[in-house]
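Per chain, numbering begins at 1; letters A, B, ... match sequence-line order. Values reported hereafter were calculated over all heavy atoms of this structure, with side chains retained and with hydrogens, waters and symmetry mates removed. Please read these numbers as outputs of a predicted model, since none were measured by experiment.
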There are 2 protein chains.
Amino acid sequence: MANVSTATVSRALSTPGSVAEGTRRAVIEAVERSGYRVNQTARNLRRKQAGAIVVLVPNIGNPFFSRILAGIEATASKAGLNVLIADTRQPQADEGPLGEYLHNNHADGMLVLDGSLRDDFFSHGNHAHPPIVYACEWSEGTSLPSIRFDNAGGSALAVDHLAGLGHTSIGHILGPLDNVLTQERRRGFEAALARHGLRVRNDWYFDGDFTLASGANAALSWLALADRPTAITTSSDEMACGFMSELYRHGVHVPDDVSVVGFDDIDIAERFIPALTTIRQPRMEIGEVAANALIDLIRAPDRTPVGTAFTKVLDATLIVRSSTRATAEA
Amino acid sequence: MANVSTATVSRALSTPGSVAEGTRRAVIEAVERSGYRVNQTARNLRRKQAGAIVVLVPNIGNPFFSRILAGIEATASKAGLNVLIADTRQPQADEGPLGEYLHNNHADGMLVLDGSLRDDFFSHGNHAHPPIVYACEWSEGTSLPSIRFDNAGGSALAVDHLAGLGHTSIGHILGPLDNVLTQERRRGFEAALARHGLRVRNDWYFDGDFTLASGANAALSWLALADRPTAITTSSDEMACGFMSELYRHGVHVPDDVSVVGFDDIDIAERFIPALTTIRQPRMEIGEVAANALIDLIRAPDRTPVGTAFTKVLDATLIVRSSTRATAEA
DNA sequence: TTGTATGCGTTATCAT
DNA sequence: ATGATAACGCATACAA
C-alpha cells in the first residue's frame with residue numbers, strides 16, 4: 001500500500017507526468033510488491049475503446065496472407081494494439097456478418113484482406129462504424145481507404161521480361177475470376193501484350209484458383225494444346241510451381257521447353273527447381289503500411305472525412321531467376 | 001423502445017429463457033430497429049472475462065505455424081472466443097513478458113506454440129494465472145498441459161522407410177539445437193538407427209534452422225564429404241527442399257544420387273521436384289485439439305488441478321513420394 | 001416474470 | 001498535486 005487514492009494510482013500509471021515524483025515512485029513500488037495489474041477491460045470500458053484491431057483474412061493458413069499478417073502484428077503491437085484475426089472463409093457466417101466485430105466494440109478498427117467482401121458488407125443500417133482499411137485487394141470502386149500492390153504493373157513487368165527474351169506467344173494462368181487480383185493482373189497482362197504488338201489468344205488463358213493443384217491442371221491443358229505458347233505468366237507462384245511440377249512429370253523441361261513467370265515471390269520460389277522468375281511484392285511491408293494507415297485513422301478520425309478515397313499503391317518488382325530463358329530466335 | 005428496464009433487455013439477450021416470450025420478442029424487435037449492440041467490453045468487465053484467447057507464435061509468417069493457427073481460429077470462433085495473436089520473435093520484449101496478456105485480463109487463456117519459452121516465463125511472482133496449453137512444442141518437464149506430435153516416432157518412420165529401401169548410411173539435417181522438435185526428432189532418428197543395427201556418424205549430422213537456406217547449406221556440406229550417406233532425413237520439409245535445390249544446382253540428382261525425407265508435409269512437398277517423401281503432421285488438427293483443450297480448461301478450471309500433466313500425442317505418418325528410392329544393392 | 005439497485009475496475013471531473 | 005466521486009454499459013441479487 002502506498003497510502004494513496006485509486007485516482008492517484010491511476011494517474012501514476014497512465015499519466016506519470018501529472019503526479020509528484022515521490023508519490024510516483026511509491027506507487028510503482030507498491031504495484032511491484034503487490035503484483036497489481038491494470039484491468040484492461042475496465043480501462044477500455046472507461047476509455048470507450050477496445051485496444052484491438054481485427055483483421056479479416058480469407059485463409060490464415062495461406063502464407064501469402066500470413067506474411068501480411070506478420071507485418072500487421074508487428075506494427076500494431078508497437079502501437080499497443082492487440083490483433084484479432086477472423087477467417088472469412090469459416091462456415092460460421094450464420095453467426096452474422098463479421099462487421100459485428102466493430103459494432104460490438106470488440107475492435108477499434110478493421111483491416112480487410114479479403115477483396116471478395118463488398119464494402120457494404122459492414123454497414124448495419126446506417127450506423128457509423130470504426131475505421132476500415134482495405135489491404136492488398138478490394139472491390140472496385142470502394143470508397144474505403146485502401147492499400148494495394150500495383151498488380152497490373154507487376155503483370156506488365158512479366159510480359160516485358162518475356163518479350164525482351166524474344167517470346168511472342170505468351171499464355172497466362174488466371175486466379176479465381178471474381179478476385180480483384182486476378183482481374184488486375186490480367187488487365188496488366190493484356191495491356192503489356194498490346195504494347196508489344198502481341199495478340200491475346202483465348203486458348204492461352206488457363207483457369208486457376210491460386211493453388212498448386214490448379215497450376216498442375218493448367219499444365220495438363222497446356223500439354224493438350226496443338227499450338228502451345230512458349231512462355232506462361234501466372235497469377236501466383238503456387239500455380240507456377242504446380243505448373244512446372246506437372247510438366248516435369250510429363251518430361252517437359254522448364255525453361256528449355258517453356259518459360260514460366262510466377263507472381264508473389266513466396267519463399268520457395270527462390271529454391272524451386274528451377275528457381276522461379278517472379279514478381280515480388282513486399283508482403284510484410286504492405287501489412288505495416290496498412291496497419292499504420294488504420295492506426296492513423298483510429299487516432300485522428302476527423303482528419304480523414306468519410307468518402308475520401310485514400311489509396312496507396314506499392315510497387316511490384318521483377319525477380320529474374322532460372323525459369324525463363326530466351327527463345328531460339330532471340 | 002420496448003418499454004422495459006435495462007435488466008430485462010440484458011436478460012432477453014443473454015438469458016432468453018428467463019424472460020416471457022412476448023417481452024423477448026418485443027425486446028428483440030426494438031433492438032433490431034434501434035441498431036443496438038451489446039458492448040462486449042462492459043459485458044466482459046461484468047463477467048470478469050476477456051472473451052479471447054491469445055496465441056503465442058514464434059513466427060506468424062511461417063506456414064507451419066499459420067496452419068496450426070487456422071485450426072485454432074476455427075475452433076475458438078466456434079466457441080465464441082476471439083483469437084489474439086502475439087509474435088514472440090518481436091523485438092518488443094522490452095515491453096515486458098508476454099505473460100502480461102494473461103494478467104491484464106486481456107485473454108482468458110493462452111496457447112503457446114513456441115517451445116523455446118520456459119514455462120516459468122509466465123509466472124509473475126506467485127500469482128495464479130489463467131490456463132495455458134502448450135501445443136506442438138514445449139520445454140522438457142513442463143507441468144503445463146501440452147499437445148504435441150509424436151516427433152520421435154515420425155523420425156523413426158523415416159529411418160524405417162530408408163532402411164527398408166536398403167540404405168545403411170543415413171544422415172540427418174538438424175533444426176535449431178535448442179528446439180525441442182529438433183531434439184525429439186534426433187532422438188527418434190538415433191533410436192531407429194540403432195534398431196536397424198546402423199551406426200550414427202557425427203559428420204553425417206548437418207546443422208540447420210528449419211529454413212530453406214540452411215537446407216541448402218547442408219547440401220554444400222554433404223557435397224564436401226568424402227564418404228557420403230546415401231540417404232538424408234531432415235527435421236523440416238523446407239530444409240529438405242533447400243537441400244535438393246542446392247544439389248540440383250550442382251548437378252546431383254535426387255533420388256538417384258541420394259534419397260531425401262522431409263518432415264511436416266507442407267503444401268509444396270507434394271509438388272516439389274521431385275515430390276518429397278515426408279512425415280506428415282496434421283497441423284490444422286493439432287490447432288483444433290489444443291484449442292479445445294484450452295477451452296475446456298477455461299470453462300471448467302477445477303477439473304484439471306494445477307500440476308496435473310495433461311498430455312496428448314498425435315501420430316505422424318509417412319508419406320512416400322519420389323525423393324527416395326532403393327539402393328542398387330537392395 | 002420483471003424492475004430496482006449495486007458493483008465490476010478504471011479514468012475524468014471537480015474540489016481541495 | 002492529490003482525494004472524493006461519478007460514470008462507462010452490463011449482469012445479477014433481491015424485491016416486488
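For residues 50-69 of chain A, the salt bridge (Lys or Arg N to Asp or Glu O under 4.0 Å) pairs, not counting sequence neighbours, are A/Arg67-A/Asp267.
For B/Gln40, the side-chain hydrogen bond (donor to acceptor under 3.5 Å, both in side chains) criterion is met by no residue, not counting sequence neighbours. Partners of A/Asp264 by salt bridge (charged side-chain N to carboxylate O under 4.0 Å, His left out), not counting sequence neighbours, listed by chain and number: A/Arg185. With sequence neighbours excluded, the residues forming a side-chain contact (heavy atoms from CB on, under 4.5 Å) with A/Pro131 are A/Leu294, A/Leu297, A/Ile298, listed by chain and number.
Between the CG atom of B/Asn44 and the C1' atom of D/dC8 there is a distance of 14 Å, given to the nearest Å.
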Table please: side-chain donor-acceptor pairs of residues 283-292 of chain B below 3.5 Å, with sequence neighbours left out.
residue: B/Arg283; atom: NH1; partner: B/Pro63; partner atom: O; Å: 3.2
residue: B/Asn292; atom: ND2; partner: B/Glu288; partner atom: O; Å: 3.3

Which pairs of donor and acceptor atoms, one on a side chain in residues 46-55 of chain A, lie under 3.5 Å apart (sequence neighbours left out)?
residue: A/Gln49; atom: NE2; partner: A/Asn44; partner atom: OD1; Å: 3.3

Side-chain polar contacts of residues 8-21 of chain B - donor-acceptor pairs under 3.5 angstrom, sequence neighbours left out - could you list them?
residue: B/Thr8; atom: OG1; partner: B/Ser5; partner atom: OG; Å: 3.2
residue: B/Ser14; atom: OG; partner: B/Ser10; partner atom: O; Å: 2.6
residue: B/Ser18; atom: OG; partner: B/Thr15; partner atom: O; Å: 2.9
residue: B/Glu21; atom: OE2; partner: B/Arg25; partner atom: NH1; Å: 3.4

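Considering A/Asp150, A/Asn151, A/Leu314 in turn, A/Asn151 is the only one that fulfils the side chain to side chain contact (heavy atoms under 4.5 Å, CB included) rule with A/Gln281.
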Inset, instruction - Report, as a single string ordered 5' to 3', how protein heavy atoms within less than 4.0 Å touch nucleotides 8-16 of chain C: B base, S sugar-phosphate only, - not at all. - result: BBBBBB---
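Rounded to 10 degrees, the angle between the two end axes of the helix from C/dT1-D/dA16 to C/dT16-D/dA1 is 40°, with five pairs used at each end.
Closest contact between the side chain of A/Ala20 and the listed nucleotides C/dT2, D/dT2, C/dT4 involves D/dT2.
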